[in-house]
Amino acid sequence: MNVRVRYAPSPTGLQHIGGVRTALFNYFFARSSGGRFILRIEDTDRERYDEKSLQDIHDTFSWLGIRWDEGPDVGGDYGPYVQSERSGLYREYAQKLIESGHAYYAYDTAQELLSAREEQEGKGSGYDRRFRDMPEDEKEEYRNRGIQSVVRFKVPLDGSTTFHDSVLGEVSWANEDVNPDPVLLKSDGYPTYHLANVVDDHLMEISHIMRAQEWIPSAPLHVLIYRALGWEPPEFCHLPLVMGDDGQKLSKRHGATSLLEFRSAGYLPDAIINYVSRLGWSYDDKREIFSTAELEELFSLEKISKAPAIFDYKKLEWLNGVYIRELSSDALYDAVLPFMEESGTVGNPPTDDHARILRDAIPLIQERLKYLKDAPAMLGFLFGEPGAYSPEDLLPKKLTVEETLGILQAVKPMVRVVPDMSDDENEQKFRSMADELGTKLGNLLMPIRIAITGSRISPPLFGSIRLLGAELATERIEAAINLLKSQ
RNA sequence: GUCUCCUUCGUCUAGUGGUUAGGACACCGGGUUUUCAUCCCGGCAACAGGGGUUCGACUCCCCUAGGAGAUGCCA
């Protein structure tokens with residue numbers, strides 16, 4: 001079969017995890033089956049339309065490195081790929097449905113529908129179909145009153161509709177449980193999702209409709225529309241939902257909603273792709289790490305699960321660390337630099353000196369970085385003052401002010417020559433000094449660490465001193481000595 | 001309310017009638033280590049419940065419960 005799948009976002013909000021997951025599954029299915037991946041913009045809701053959202057779609061997927069084979073910006077043989085540019089088509093098919101008796105004009109006002117819904121108080125028996133069988137002369141009165149019409153689909157009152165779903169198998173619905181006579185064409189002349197999606201998927205020769213499970217109740221309706229138009233529906237493939245940690249559909253409450261927020265939080269696109277791809281899909285009982293290239297090859301419909309998945313930030317954090325560690329030094333430098341600039345830790349662009357220091361500092365922080373965003377805090381002491389600390393912070397456990405003072409004074413001349421020696425040589429030297437002072441290496445190094453970095457947690461000491469320079473390092477030791485003396 | 005989908009460790013999942021129910025994250029211990037992190041070793045922890053079918057059910061069927069989704073001139 002010739003696989004053609006689409007991601008069809010509506011530009012009414014920023015791209016979020018759920019949408020991206022749907023896009024990714026479509027994309028990987030297309031790639032792994034030698035098919036085509038299509039982007040279609042479903043901008044039929046003119047009230048919620050938002051220019052920024054359209055830009056966000058492009059920014060998001062360009063950041064992720066996902067490209068479509070056909071779409072508004074790249075063209076293709078089935079365009080236009082923006083629904084607002086296809087309005088004539090939808091009107092044409094709505095007209096056909098009316099002519100064939102599968103649809104009808106209705107003249108309810110928005111206000112009437114709203115209050116009718118409220119009256120039902122969630123008991124929701126749905127629309128009462130009052131225009132469905134109304135004689136033309138009676139409808140004429142509504143027209144004369146100037147009420148705008150919509151076109152509604154005539155859902156069969158009995159019988160049932162069956163469709164095949166790659167994930168769920170055979171699904172059968174009683175037609176009486178299908179949404180009663182939904183609107184196909186709105187009063188503003190634009191189609192609803194139901195009409196547009198059927199017309200476009202057919203015209204664009206979409207082979208598989210991969211979308212979230214929230215669409216399951218609409219599927220029988222869509223099948224009915226395909227049939228009414230004399231078309232064969234594509235294969236369906238309803239993807240399990242992605243939930244927040246409270247088990248509800250992922251939404252704004254659950255932290256970073258927009259995908260680009262993940263970028264500014266310091267996630268790597270590959271980590272996101274890897275993580276999101278494993279939400280509702282698996283390969284075997286061993287592998288967790290998949291590159292985009294591997295997913296393009298290995299993804300398969302059969303391994304999609306039915307149950308909803310909860311988005312686990314902890315596991316994503318771990319994966320992000322894994323991907324950060326796999327980066328080359330140069331790549332990590334490039335990834336970290338914007339965060340250093342944005343935080344003001346270095347200039348934009350950085351001085352040559354700062355660029356050099358940052359480049360050399362990368363290996364020191366690579367294995368301790370969970371998010372790119374953490375880099376400025378880890379390295380701040382190299383580009384400015386160390387973090388503030390109190391005299392007590394300098395004291396190793398169970399050591400007095402005097403003892404610590406002694407350590408710092410003994411160690412000061414050694415710090416000056418740290419950059420001239422290897423880490424091993426330094427360690428040996430400090431170790432014998434510790435022996436001499438009758439203390440542990442840790443007790444010797446911790447006060448220096450605090451003095452140099454301002455924190456008990458830091459990159460490896462000798463490397464840090466090397467990057468800071470003997471001069472500054474010594475000054476900081478002195479400052480620490482003076483602080484203790486003032487006690 | 002109604003309709004529909006779903007149900008293996010806390011989380012993501014492997015598993016397609018016979019397994020000590022496997023892996024990963026998280027968590028808890030231990031080791032390596034100049035702090036942190038990495039890394040290594042170990043541990044905790046699951047088939048929602050009840051009926052069937054079967055020599056045998058996590059696997060098949062039914063019911064119950066729980067969760068979720070839909071119920072718009074939004075997608």
Side-chain angles (χ1 to χ4, degrees), chain A residues 8-13 19 42-45 47-48 106 108-110 113-114 117 120-127 148-152 165 167-168 171 173-174 176-180 182-194 196-197 211-220 238 240-241 243 245 247-249 275 278-289 303 305-319 321 325 365-370 378 423 426-427 430-431 434 440-446 448-450 453 455-462:
Chain A
S10 72
T12 53
E42 308 221 323
D43 57 345
T44 55
D45 184 343
E47 287 183 18
R48 295 198 306 152
D108 311 275
T109 66
L113 292 172
L114 190 64
R117 254 201 305 280
Q120 292 178 359
E121 280 189 327
K123 277 172 68 182
S125 42
Y127 180 61
Q148 290 291 308
S149 69
V150 301
V151 174
R152 283 183 181 272
D165 188 292
V167 177
L168 305 173
V171 182
W173 279 66
E176 58 179 329
D177 291 328
V178 173
N179 197 359
V183 171
L184 258 24
L185 210 58
K186 302 183 260 192
S187 54
D188 64 3
Y190 282 91
T192 59
Y193 172 82
H194 303 302
N197 128 284
R211 60 191 1 172
Q213 283 190 355
E214 60 194 4
W215 288 106
I216 292 175
S218 297
H238 287 102
L241 260 20
M243 312 287 216
D245 53 12
Q248 311 276 117
K249 204 166 82 164
Y275 179 68
R278 292 280 290 91
L279 248 30
W281 178 82
S282 62
Y283 180 66
D284 60 16
D285 62 343
K286 292 279 182 294
R287 295 183 64 175
E288 293 286 339
I289 311 294
K303 306 291 284 184
S305 67
K306 299 177 180 183
I310 291 174
F311 192 87
D312 182 1
Y313 282 93
K314 281 287 193 195
K315 189 153 186 178
L316 210 209
E317 175 183 286
W318 165 74
L319 252 186
R325 273 170 251 134
I365 60 166
Q366 183 150 21
E367 67 189 23
R368 35 208 114 218
L369 217 47
K370 293 248 170 57
M378 279 184 189
D423 284 356
N426 275 309
E427 187 173 330
F430 277 81
R431 228 177 251 289
K440 291 183 296 187
L441 182 62
N443 285 350
L444 215 110
L445 261 22
M446 188 51 84
I448 312 179
R449 185 185 309 282
I450 308 275
T453 71
S455 169
R456 303 185 71 85
I457 299 172
S458 84
L461 230 207
F462 302 137

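In the text below, chain A, chain B and the rest are named by the order of the sequence lines, each starting its count at 1. Everything numeric in this text was worked out from a predicted model, so none of it was measured.
- Here A:D165 pairs with A:H238 under the side-chain hydrogen bond (donor to acceptor under 3.5 Å, both in side chains) rule; sequence neighbours left out.
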**Asked** What string of B, S and - do you get for nucleotides 34-45 of chain B 5' to 3' if you count protein non-hydrogen atoms under 4.0 Å?
**Response** BBBBSS------

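- Looking only at distances, no side-chain donor or acceptor of A:N179 sits under 3.5 Å from a matching main-chain atom of A:P182.
- One interatomic measurement links the two molecules: CD of A:E176 to P of B:U2, which rounds to 14 Å at whole-angstrom precision.
- Between the NZ atom of A:K306 and the C1' atom of B:U4 there is a distance of 14 Å, given to the nearest Å.
- A:R48 places its CZ atom 13 Å from the C1' atom of B:C73, with the value rounded to the nearest Å.
- Side-chain N/O atoms of A:T192 and base N/O atoms of B:C73 include no donor-acceptor pair closer than 3.5 Å.
- Not a single side-chain hydrogen bond (donor to acceptor under 3.5 Å, both in side chains) links A:S305 to another residue, sequence neighbours left out.
- Distance, A:Y127 OH to B:U71 C1': 16 Å, rounded to whole Å.
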**Prompt:** Going 5' to 3' along nucleotides 18-23 of chain B, which nucleotides have protein heavy atoms under 4.0 Å from the base (write B), which only from the sugar-phosphate (write S), and which from neither (write -)?
**Reply:** ----BB

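- Heavy-atom nearest nucleotides on RNA chain B were determined for A:D177 and for A:S305, and the one closer to the 5' end corresponds to A:D177.
- For the pair A:E47 CD and B:A75 C1', the computed distance is 13 Å after rounding to whole Å.
- Rounding to whole angstrom units, CG of residue A:L241 and P of B:U7 are separated by 14 Å.
- Remark: A:S187 is not in phosphate contact with B:C73, judged by side-chain N or O atoms under 4.0 Å from OP1 or OP2.
- For the C1' atoms, the distance from B:U54 to B:G1 is 40 Å, rounded to whole Å.
- Under the Watson-Crick or G-U wobble criterion, with both distances below 3.5 Å, B:A48 is paired with B:U64.
- Distance A:K314 NZ to B:U11 C1': 12 Å, rounded to the nearest Å.
- Comparing B:C41 with B:A24, their P atoms are spaced 10 Å from each other, to the whole Å.
- Partners of A:E427 under the side-chain hydrogen bond (donor to acceptor under 3.5 Å, both in side chains) rule, at least two apart in sequence or in another chain, are A:R431.
- Applying the side-chain hydrogen bond (donor to acceptor under 3.5 Å, both in side chains) criterion to A:K315, with sequence neighbours excluded, gives A:E288.
- Base pairing analysis places B:G69 opposite B:C3; the two distances defining the Watson-Crick or G-U wobble pair are each below 3.5 Å.
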